[in-house]
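Atom set for the values below is all heavy atoms of this structure, side chains included, hydrogens, waters and symmetry mates excluded.
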Amino acid sequence: MSSASSCRTGFLWSPLFETFDYGRNHPIAKGRFSSIRDHFDRVGLLAQANVSTLEAELLPEELLRQVHSPEYIKKVKMISETGVGEIDLDTPGFRGIYENARSTCGATITGVRGVLSGEIEHFYSPTGGFHHARHNAGGGFCVFNDVAAAVLEIKRAKLDRILVADFDVHHGNGTQDYFHDDPGVMQISFHEDPEWMYPHTGRIGECGDGPGKGYKINMPFPMDSGDAVYAFAFDELVPPLMEFYRPQFIIFLPGYDAHYLDRLAHLKLTTRTIKHVAERIHQAAHTWSSGRLGVLTGGGYSDDALLWGSGAVMSVLTGHGYEVPKETPPFEDNDEIWAEVRRNVEEIQQSVFPVLGLS
Ligand SMILES: [Zn+2]
Ligand SMILES: [Zn+2]
């Protein structure tokens with residue numbers, strides 16, 4: 001096991017990332033990815049000896065064809081050529097969207113390959129984490145599902161226990177769909193209650209099918225959940241699952257959109273908790289996965305919270321210091337929130353854990 005400060009970490013970049021254009025009022029603003037890169041640069045995270053910048057390649061077409069249907073790929077190409085049409089109601093089309101999506105998703109594959117070859121132990125992509133895209137459709141700001149592509153790429157290396165640790169505030173419905181019956185993929189998803197939150201999936205009962213039953217762990221949080229209940233649920237659920245599964249590769253979405261400043265969701269985390277989760281996942285990667293860990297940015301719609309969270313997570317990977325400004329969440333977890341979170345945690349422990357033989 002290497003000490004944190006010596007972990008070789010790749011930062012993914014391509015000039016193509018910034019060709020996307022969802023329009024002026026879309027939550028994914030132009031300049032989003034370079035704002036993360038510039039922030040890392042400003043605070044010295046990219047200049048460290050153990051950090052290298054890797055040029056992201058395009059998502060290979062053969063992987064793309066495994067992840068998406070020919071009809072859907074054709075639709076994206078058509079929108080890309082004409083600039084007319086949309087992927088979904090909340091996911092506008094634009095000229096060049098096909099190449100753009102192949103670059104943002106390709107970054108994930110370049111990172112995975114770097115880790116598998118041993119060139120790096122961890123990678124950080126300022127984009128990626130498009131967990132809502134499904135075989136035959138995009139949506140939720142996602143065009144192609146890079147998480148699914150990453151899983152397929154990792155499986156080629158004969159690793160058959162892959163953990164998708166998805167802490168994005170929205171449920172990873174696309175990824176869950178692909179691997180619902182596959183015990184080779186454990187997906188732990190912490191997200192806001194699907195009752196009112198997009199994509200309205202991720203209930204505790206959706207725990208996988210057939211041989212994959214029990215390997216999809218969905219932990220929904222009520223509106224206004226903050227640091228204390230989140231850390232409680234993490235400690236109760238995640239360590240026993242990781243110890244049971246002993247993942248050989250971890251793909252991690254940190255959940256910057258669960259921050260209290262986020263404008264699309266209603267959880268109340270501070271960066272402290274996002275960092276705490278990252279520390280535990282990083283530690284687990286060294287304990288179980290020979291350090292193999294890839295971080296995909298996913299959501300995050302407060303500019304400040306996105307940069308603080310990214311900086312904190314990158315500092316965990318690389319072992320270099322990063323200071324988060326003082327944060328003041330609007331309130332603390334109340335009794336009602338505690339009761340619901342405890343109920344959900346217990347339900348998972350009583351209905352999903354036993355399927356895996358965990359008590
Ligand atoms: Zn490390
Ligand atoms: Zn999200």
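- Grouping the Ile, Leu, Val, Met, Phe, Trp and Tyr side chains by contacts below 4.5 angstrom, directly or via other members, places L16 apart from F130.
- Atom NZ of K155 sits in a crowded spot, with more than 12 heavy atoms from other residues, nucleotides or ligands closer than 6.0 Å.
- Hydrophobic cluster membership is shared by L293 and F234, with clusters built from Ile, Leu, Val, Met, Phe, Trp and Tyr side chains linked at under 4.5 angstrom.
- We find the OG1-CG distance between T297 and L12 to be 10.0 Å, quoted to the nearest 0.5 Å.
- Within the 4.5 Å cutoff, the side chain of M314 has no heavy atoms near those of the V43 side chain.
- Hydrophobic clustering of Ile, Leu, Val, Met, Phe, Trp and Tyr side chains at less than 4.5 Å, counting indirect connections, unites L267 with V345.
- Each of F190, F221, W338 was checked for a ring-ring contact (aromatic ring centres under 6.0 Å, His included) with F232, and the lone residue meeting it is W338.
- The existence of a salt bridge linking R113 and E153 is confirmed by a sub-4.0 Å separation between a basic side-chain nitrogen and an acidic carboxylate oxygen.
- With a 4.5 Å cut-off on side-chain heavy atoms, I97 and V76 count as touching.
- Using a 4.5 Å heavy-atom threshold, the side chains of E121 and C7 count as touching.
- In terms of modelled atom types and a separation under 3.5 Å, the side chain of Q66 and the main chain of A149 share no donor-acceptor contact.
- The aromatic ring centres of H39 and Y322 sit less than 6.0 Å apart.
- Transitive grouping of hydrophobic side chains (ILVMFWY, heavy atoms separated by less than 4.5 Å) keeps W13 and L58 in distinct clusters.
- Counting only N and O atoms by type, the side chains of H170 and D257 include a donor and acceptor under 3.5 Å apart.
- A side chain to side chain donor-acceptor pair (under 3.5 Å) with N173 holds for exactly one of H191, H132, H200; it is H132.
- Side-chain N or O atoms of H26 include one that pairs as donor or acceptor with a backbone N or O of D90 at under 3.5 Å.
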(Q) The test is side chain to side chain contact (heavy atoms under 4.5 Å, CB included); show your working for E206 and H180 and say whether it passes. (A) CA-CA 9 Å; E206 297 166 34; H180 68 101; over 6 Å; no

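- Judged by distance alone, the side chain of S289 and the main-chain N or O of P247 form a donor-acceptor pair under 3.5 Å.
- At distances below 3.5 Å, not a single donor-acceptor pair connects side-chain atoms of E340 with backbone N or O atoms of E336.
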Q | CA sep, side-chain torsions, deciding dist, call: L237, F353, side chain to side chain contact (heavy atoms under 4.5 Å, CB included) | A | CA-CA 9 Å; L237 299 174; F353 277 26; 3.9 Å; yes

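- The aromatic rings of H68 and Y72 lie tilted to each other, with the angle between the two planes from 30° to 60°.
- When side chains are defined from C-beta on, M219 counts as touching I348, because their heavy atoms get closer than 4.5 Å.
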Q.
For a salt bridge (charged side-chain N to carboxylate O under 4.0 Å, His left out) check, start with the C-alpha distance between E195 and R203, then their side-chain angles and the critical distance, and finish with the verdict.
A. CA-CA 9 Å; E195 205 56 54; R203 290 179 173 78; 3.6 Å; yes

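- Side-chain contact between T318 and Q48: absent, with no pair of heavy atoms (C-beta onward) separated by less than 4.5 Å.
- Pairing each heavy atom of Y178 with each of R134, the nearest pair is OH-C, 3.2 Å.
- Remark: L241 CG to Y215 OH distance equals 10.5 Å, nearest 0.5 Å.
- Closest non-hydrogen pair, Q187 versus D166, comes out as NE2-OD2, 4.4 Å.
- The main-chain N or O of I337 is found under 3.5 Å from a side-chain atom of N334 such that the two form a donor-acceptor pair.
- Nearest heavy atoms, P15 versus E55: CD-OE2, 4.1 Å.
- Counting heavy atoms from C-beta outward, I109 and D146 have side chains that stay 4.5 Å or more apart.
- Defined by atom type and a distance below 3.5 Å, a donor-acceptor pair is missing between the side-chain atoms of T175 and H131.
- Looking only at distances, a side-chain donor or acceptor of D333 sits under 3.5 Å from a matching main-chain atom of G226.
- Of all non-hydrogen atoms in P194 and P220, the two that sit nearest each other are CD-CB, 3.8 Å.
- Using a distance-only test at 3.5 Å, with no hydrogens or angles considered, no donor-acceptor pair links the side chain of S315 to the main chain of G321.
- For R24, the CZ atom is loosely surrounded, since the number of other residues' heavy atoms within 6.0 Å does not exceed 12.
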Q. S302 and R263: side chain to side chain contact (heavy atoms under 4.5 Å, CB included), yes or no, with the steps?
A. CA-CA 7 Å; S302 147; R263 56 205 173 100; over 6 Å; no

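- Here the side chains of L261 and W308 are in contact, with some heavy-atom distance below 4.5 Å.
- Relative ring orientation between F20 and F33 is described as tilted, the plane-to-plane angle lying within the 30° to 60° band.
- Rounding to the nearest 0.5 Å places NZ of K75 at 7.5 Å from CD of E86.
- Each of T110, L54, L296 was evaluated against F123; a single residue qualifies, L296, per the side-chain contact (heavy atoms from CB on, under 4.5 Å) test.
- If you chain together hydrophobic residues whose side chains sit under 4.5 Å apart, V185 and V355 never meet in one group.
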Q. Going through the checks in order, is the salt bridge (charged side-chain N to carboxylate O under 4.0 Å, His left out) test met by E327 and R272?
A. CA-CA 9 Å; E327 297 169 291; R272 197 169 64 238; 6.0 Å; no

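- Across all their heavy atoms, V352 and G214 have their closest contact at CG1-O, 3.7 Å.
- At least one donor-acceptor pair closer than 3.5 Å links the side chain of R161 to the backbone N or O of R246.
- The closest donor-acceptor contact from the side chain of Y98 to the backbone of I73 lies at 3.5 Å or more, if one exists at all.
- The residue from D262, L306, V169 that alone fulfils the side-chain contact (heavy atoms from CB on, under 4.5 Å) condition with Y301 is D262.
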Q: Report the C-alpha separation of V112 and F249 in whole Å, then their side-chain angles, then the decisive distance to 0.1 Å, and conclude whether the side chain to side chain contact (heavy atoms under 4.5 Å, CB included) test is met.
A: CA-CA 9 Å; V112 163; F249 201 122; 4.2 Å; yes

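- Note: F252 and H282 fail the aromatic proximity criterion, with ring centroids not under 6.0 Å apart.
- Rounding to the nearest 0.5 angstrom, the gap separating the CG atom in L307 from the CZ atom in F40 is 8.5 Å.
- There is a side-chain donor-acceptor pair under 3.5 Å between H320 and N50.
- Only one option out of L159, I250, I251 pairs with R292 in a side-chain contact (heavy atoms from CB on, under 4.5 Å); it is L159.
- For the residue pair S34 / E18, a side-chain donor-acceptor distance below 3.5 Å is found, with atom types taken as modelled.
- Here the straight-line distance linking atom CD1 of I217 with atom OH of Y245 works out to 9.0 Å at 0.5 Å rounding.
- Side-chain atoms of Y198 come within 3.5 Å of backbone N or O of G140 as a donor-acceptor pair.
- The closest side-chain heavy-atom distance from R65 to P70 is not below 4.5 Å.
- Across all their heavy atoms, V67 and A148 have their closest contact at CG1-CB, 4.2 Å.
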